[in-house]
4 protein chains.
Amino acid sequence: MSEQRRGAVRSEASRVAILNATAALFAEKGYEHLSIEAIAAEAGVGKQTIYRWWPTKSALVAECMIEGFLMPGGAIPLNSGDIRSDLEAWVVAVFRFTEDPDNDVLIRSLVAAASDNGDIGRRLHDRLGASSELTERLAAAVRAGEVRPDLPIADVGEVLVGAVVLRILTREPTDEKLPTRLVDIVLGGPRPVA
Amino acid sequence: MSEQRRGAVRSEASRVAILNATAALFAEKGYEHLSIEAIAAEAGVGKQTIYRWWPTKSALVAECMIEGFLMPGGAIPLNSGDIRSDLEAWVVAVFRFTEDPDNDVLIRSLVAAASDNGDIGRRLHDRLGASSELTERLAAAVRAGEVRPDLPIADVGEVLVGAVVLRILTREPTDEKLPTRLVDIVLGGPRPVA
Amino acid sequence: MSEQRRGAVRSEASRVAILNATAALFAEKGYEHLSIEAIAAEAGVGKQTIYRWWPTKSALVAECMIEGFLMPGGAIPLNSGDIRSDLEAWVVAVFRFTEDPDNDVLIRSLVAAASDNGDIGRRLHDRLGASSELTERLAAAVRAGEVRPDLPIADVGEVLVGAVVLRILTREPTDEKLPTRLVDIVLGGPRPVA
Amino acid sequence: MSEQRRGAVRSEASRVAILNATAALFAEKGYEHLSIEAIAAEAGVGKQTIYRWWPTKSALVAECMIEGFLMPGGAIPLNSGDIRSDLEAWVVAVFRFTEDPDNDVLIRSLVAAASDNGDIGRRLHDRLGASSELTERLAAAVRAGEVRPDLPIADVGEVLVGAVVLRILTREPTDEKLPTRLVDIVLGGPRPVA
DNA sequence: GTGTAATCGAGACGGTACGTCTAGTCTTCGT
DNA sequence: ACGAAGACTAGACGTACCGTCTCGATTACAC
């Protein structure tokens with residue numbers, strides 16, 4: 001009944017070698033100077049093995065992200081009970097990550113890759129932090145009455161990640177008060193002094 | 001005494017022809033498939049004339065932006081006296097521009113180009129609207145007492161543009177309430193009903 | 001155990017197309033204005049396919065000669081029993097060939113190419129006639145007692161071909177008695193009148 | 001009344017600098033890799049100054065030869081009273097010159113240049129020795145009854161030089177008996193033993 | 001076992017574009 | 001007017017990769 005498969009099966013070893021090689025070369029050379037030939041050579045694999053399973057360079061990079069070969073887990077906001085300091089800590093962590101020179105080429109290349117491939121954009125978005133954990137933390141703040149109840153929490157994460165991405169694109173250096181100011185903006189004013 | 005200049009002077013005609021050709025091909029093919037050879041051919045110019053004056057493809061694109069060959073003037077917020085509707089109108093205008101399929105490749109390519117070249121990032125940022133006009137409008141709102149006096153107005157534009165850029169990268173479709181929600185976020189809550 | 005051969009095998013069709021194109025363009029443009037790009041285009045072949053198999057332009061031309069794409073078979077001396085008239089006829093034939101305007105660029109270009117590549121020099125030498133056939137004819141003359149028995153027959157052909165090549169280089173026009181005089185020189189004096 | 005000449009006159013310093021630069025680069029790089037740009041740079045001269053006075057690269061090289069910038073004076077045959085040893089000595093001298101590795105590129109490049117420019121061919125021919133001095137020496141031998149009176153002496157020099165040029169083109173190594181054999185050929189047999 | 005089919009590493013193929021070099025012309029300024 | 005400096009259009013150089021294809025070896029199911 002069912003479609004029968006004959007012949008050799010896909011080599012997992014090759015698949016992983018390719019993803020590893022892609023990640024290594026991506027971080028080293030950036031998206032624009034990443035070449036399929038170099039990946040194949042680095043992975044010890046024929047070019048056709050890559051073309052057989054991935055339609056484009058961007059799909060390959062996307063799978064690297066999905067499988068976690070490219071970026072560490074996103075920043076996860078803590079819940080200390082104080083939404084302001086938690087958000088600030090999270091923003092600081094994200095900026096710290098993006099400003100590390102080791103991650104510089106990586107992040108910028110991801111932005112370039114994202115402009116080719118929506119999946120990469122979504123993954124980048126998630127990994128920078130605007131994932132369920134952040135939404136969760138904001139929802140908790142709503143429940144605790146820390147923030148106004150009609151705050152569009154889903155959008156807040158995006159706004160913050162967007163600010164980060166824009167800083168990457170403009171190379172504007174961040175000053176140390178910036179996280180506080182961003183949190184002020186999205187939470188509607190500075191922490192009450194009282 | 002003074003530095004001597006001899007030999008023929010730079011040809012303005014060639015310079016403009018190159019920028020025009022770059023802009024035309026950029027909009028048509030996108031950043032990644034933009035080739036120096038095609039630009040030279042389109043401009044009726046030797047390749048060396050390009051390499052003589054611009055070190056990289058991204059520098060050439062950056063000059064295109066600076067000289068206004070690539071994008072129309074940024075969105076300029078009106079001052080109707082109502083900061084909320086003015087900001088919303090501006091956000092809507094920006095989204096409308098980026099969502100026009102004619103501008104789609106252009107914008108995404110600009111993001112890719114910006115990842116190579118900070119100048120392009122800055123220009124993109126300005127042209128999308130986070131320029132002095134927006135800051136001006138927000139300052140006016142502060143003076144008029146429309147918004148809380150300690151709003152970090154310089155950051156507000158960035159936050160909004162960042163949200164737009166992120167939408168571009170994730171291909172998340174925008175719903176029609178989004179402008180309102182974004183304005184709510186940055187102005188600290190919805191318009192009072194009273 | 002044995003050396004493994006993997007990957008696709010060299011395309012004979014491409015090889016022949018390249019040699020044909022080289023021969024055609026060489027005869028048309030001459031060695032100095034022969035370009036690899038034009039050969040590749042004419043042969044319908046990627047440039048890399050040429051660079052993969054031939055290190056230099058002159059090696060390519062040399063293979064053309066070796067495979068007989070460039071010049072017709074050398075002049076072959078007859079054996080009428082009279083060594084003088086046979087040699088004269090052969091010299092006349094060689095001069096006639098070199099003086100034909102159709103062959104002019106070809107020959108001069110071959111001389112230029114030979115200055116880059118000894119193989120071409122040797123082939124040119126052979127094709128102009130100083131090959132085994134000429135040596136054979138002279139050996140027969142020695143055996144028949146037509147010429148002095150200690151004549152260094154191997155050198156005679158070279159001397160004659162050398163005279164031809166020099167005429168080519170100096171563009172000195174040949175007078176019709178020249179073949180006779182050359183044969184006189186190498187055979188040690190004019191034909192006895194008796 | 002008379003034609004007036006106005007403006008600066010041709011700079012002899014530039015002319016000589018250009019010829020010197022040409023000779024130096026010719027000997028260093030060979031004819032094929034000799035570029036007008038490099039000559040201009042080496043001579044400290046604008047390209048136009050070269051193009052103004054010489055139509056082609058080969059004309060420039062030809063003038064270098066004519067002015068003696070490229071090759072030393074030709075070999076001059078002595079008159080010891082013995083035509084055989086004088087000719088042999090001359091052939092040996094010519095071969096020695098051409099076989100010196102320092103002259104190797106030079107000579108081969110001259111052959112290449114000659115294929116472009118008849119003047120260079122003629123000069124090469126003369127400088128290698130087939131000039132009036134050689135003809136003179138042979139005429140003296142005729143007068144002295146050393147050689148047969150009807151020897152076409154003008155052609156003998158060409159034949160010898162031709163043999164040398166052919167050796168250059170085929171890279172055939174010369175054996176030490178070759179000069180003797182060549183003289184045997186042109187003088188009609190070996191030296192009588194008696 | 002013996003086919004049949006799919007995968008693999010390797011690498012040649014027709015191409016496009018790279019960034020560099022040189023040709024030969026033209027323009028500007030200094031002498 | 002001539003010469004240096006050097007920008008200009010044009011186009012070949014040799015290299016790097018593209019995505020496709022062909023090769024021989026290997027693997028695994030179907031018969």
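Values in this document were obtained by computation on a predicted structure and should not be read as measured data. All chains are named by letter (A, B, ...) in the order of the sequence lines, taking the proteins before the strands, and each is independently numbered beginning at 1.
When the P atom of dG15(E) is taken as reference, atom CD of E42(C) falls 13 Å away, rounded to whole Å. L60(A) has its CG atom 12 Å from the P atom of dG19(F), to the nearest Å. Protein atom CD of E12(C) is 14 Å distant from nucleotide atom P of dC23(F), rounded to whole Å. Atom CD1 of I39(A) is separated from atom P of dG19(F) by 11 Å (rounded to the nearest Å). Protein atom CD1 of I36(D) is 18 Å distant from nucleotide atom P of dC21(E), rounded to whole Å. Between the CD atom of E32(B) and the P atom of dC18(F) there is a distance of 11 Å, given to the nearest Å. If you measure from atom CZ of R10(C) to atom P of dC21(F), you get 22 Å, rounded to the nearest angstrom. One can place NE2 of H33(A) at 11 Å from C1' of dC18(E), the figure rounded to the nearest angstrom.
No side-chain heavy atom of I39(A) sits less than 4.5 Å from a side-chain heavy atom of K57(A). In this structure, the side chains of F26(C) and L110(C) come closer than 4.5 Å at one or more pairs of heavy atoms. Under the 4.5 Å side-chain criterion, counting only non-hydrogen atoms from C-beta, R171(D) is in contact with R122(C). The shortest side-chain heavy-atom distance between I120(B) and V111(B) does not fall under the 4.5 Å cut-off.
Residue S35(D) has its side chain nearest to dA23(E) when only dC13(E), dA23(E), dT9(F) are considered. Nearest nucleotide to the E37(A) side chain, out of dC8(E), dA17(E), dC17(F): dC17(F).
For R10(A) and W53(A), the positive end sits near the middle of the six-membered ring, less than 6.0 Å away and at most 45° from its axis.
Ionic pairing of R123(C) and D119(C) is not present here: no N-O contact between side-chain nitrogen and carboxylate oxygen is shorter than 4.0 angstrom.
Ranked by how close their nearest DNA chain F nucleotide is to the 5' end, L34(C) and A38(A) are led by L34(C).
A donor-acceptor contact closer than 3.5 angstrom is absent between the side chains of D116(A) and S58(A).
Listed pair S14(B) / dA7(F) fails the phosphate criterion, with no side-chain N or O lying under 4.0 Å from OP1 or OP2.
If you check residues 43-59 of chain D against DNA chain F, the residues with a heavy atom closer than 4.0 Å are G44(D), V45(D), G46(D), T49(D), R52(D), W53(D), listed by number.
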